[in-house]
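Taking it in order: structure first as structure tokens, then the write-up.
Chain A is the first sequence line, chain B the second, and so forth, proteins listed ahead of strands; every chain is numbered from 1. Basis for what follows: all heavy atoms, side chains included, without hydrogens, waters or symmetry-related copies.
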2 protein chains.
Amino acid sequence: MSNPNPTVPQISDAEWTVMRVFWDRGDSSTGDVIDALQSRTDWNPKTVQTLIRRLHKKGALEVAAKNGREFVYRPTVAENDCEHAASQSFLGRVFDGKLTPFLANFVENEAVSKEEIDELRRLLDRAAADHQEPEEQAS
Amino acid sequence: MSNPNPTVPQISDAEWTVMRVFWDRGDSSTGDVIDALQSRTDWNPKTVQTLIRRLHKKGALEVAAKNGREFVYRPTVAENDCEHAASQSFLGRVFDGKLTPFLANFVENEAVSKEEIDELRRLLDRAAADHQEPEEQAS
DNA sequence: TCTGAAAAATTACACTTGTAATCTTTAAGA
DNA sequence: TCTTAAAGATTACAAGTGTAATTTTTCAGA
């Protein structure tokens, strides 16, 4: 867990795509992000610029440096934390905040393969083991 | 599974609240919904009317009857299907469509209790069993 | 030092959403 | 039948979002 109860800004759909570039690459200039997204999207560079500026305004990005006339940005929020905040928000909206109904719905809709089920079970087995013997203190 | 690959309209946050009333109560008039939401929200009746009209326009509700000058509406989409569509959309946006990373993030963030873990494991055990011996045909 | 290209800032514009207020129609009772 | 309250329809309006175009600033080279 990167930070307990971090406050993360609202990040829209298109903005998520941009944030992921930063989380993948670390500090990046607008040009870097435009280049990175060139292959994955058909966005106009101006669009990417706008999204970066909005993310900066929202406080999801901060200026890490200025290279000549170019800004280098860096995320102020951890990917983990944003994912978790988005998950909580989604679960709250659709499943009354509860994880089990979410997974039950997925399973009912036959949207989970045998392999995935096994993967999830292993994940939960490990989690259960961790709950058994609590995390040790690194002191 | 109510319907394979149903097409469900985009349902916004506030609209979810309204749809849930219909899913809970079945066919309902605007007045019914307003009454039902009176306790749970502080929405103005006009707001509820607007949301119902938007849902009707989107095709999420259809007119089931007309009582005097009052319409009775009914959902055209199953709660299950809407939940699943919302889940797919969320997972696609935040976790590249993958369930395992979603759950892993949740567990990492210590947002899952021991009891919940056990519940989820039971759920997955049943799902695994179903995968073992496929569903029988009701003929 | 002046200029032009590149970066950034400002402006644009339609659609959705939250949250109603106002205008219009209609049914039911006086 | 006429009136009026209650439904419904239309309109409102700001914030957020997708998707840029236009305008302004500024560095780097001629």
Can you check the His56(B) NE2 to dA7(D) P distance for me, whole Å? 18 Å
Judged by nearest nucleotide, the residue sitting upstream toward the 5' end of DNA chain D, Arg54(A) or Lys66(A), is Arg54(A)
What's the NZ-P distance between Lys57(B) and dT17(C), to the nearest Å? 11 Å
Which part of the nucleic acid does Gln10(B) contact within heavy-atom distance under 4.0 Å: base, sugar-phosphate only, or nothing? nothing
Asn44(B) atom CG is separated from dA12(D) atom P, nearest whole Å, by 18 Å
Atom CD of Gln49(B) to atom C1' of dT24(C): distance rounded to whole Å? 13 Å
5' precedence on DNA chain C between Thr47(B) and Gly68(B) (nearest-nucleotide basis): Thr47(B)
Is the shortest side-chain N/O distance from Thr50(B) to OP1 or OP2 of dG18(C) below 4.0 Å? no
Can Thr17(B) and Arg20(B) be counted as having a side-chain donor-acceptor contact under 3.5 angstrom? no
N or O in side chain of Trp43(A) less than 4.0 angstrom from dG18(D) OP1/OP2: no
Side chain of Glu70(B) (C-beta onward), nearest among dG18(D), dT10(D), dA7(D): dA7(D)
Closer than 3.5 angstrom, by distance alone: can the side chain of Thr30(A) be matched with the main-chain N or O of Gln49(A) as a donor-acceptor pair? no
Atom-to-atom span, CZ of Arg53(A) to P of dT25(D) - whole angstrom: 15 Å
Atom-to-atom span, CG of Leu51(A) to P of dA9(C) - whole angstrom: 15 Å
Nearest whole Å is fine: how far is dG16(D) C1' from Trp16(A) CH2? 18 Å
Donor-acceptor contact below 3.5 Å, side chain Asp130(B) vs main chain Ala127(B): no
Looking at dG18(C), dA9(C), dA21(C), which one has an atom nearest to any side-chain atom of Lys46(B)? dA21(C)
Main chain of Pro45(B), side chain of Thr47(B): is a donor-acceptor contact present, judged purely on distance under 3.5 Å? no
Within the structure shown, what part of the strands sits under 4.0 Å from Ser12(A) by heavy-atom distance: base, sugar-phosphate, or nothing? sugar-phosphate
Which part of the nucleic acid, if any, lies within contact of Lys58(B), taking any heavy atom under 4.0 Å across all strands shown: a base, the sugar-phosphate backbone alone, or nothing? sugar-phosphate
Asn67(A) atom CG is separated from dC27(D) atom P, nearest whole Å, by 12 Å
Of the listed nucleotides (dT26(D), dT19(D), dT26(C)), which one gets closest to any side-chain atom of Arg69(B)? dT26(C)
Verify, without hydrogens or angle tests, whether Ser87(B) (side chain) and Glu83(B) (backbone) share a donor-acceptor contact under 3.5 angstrom. yes
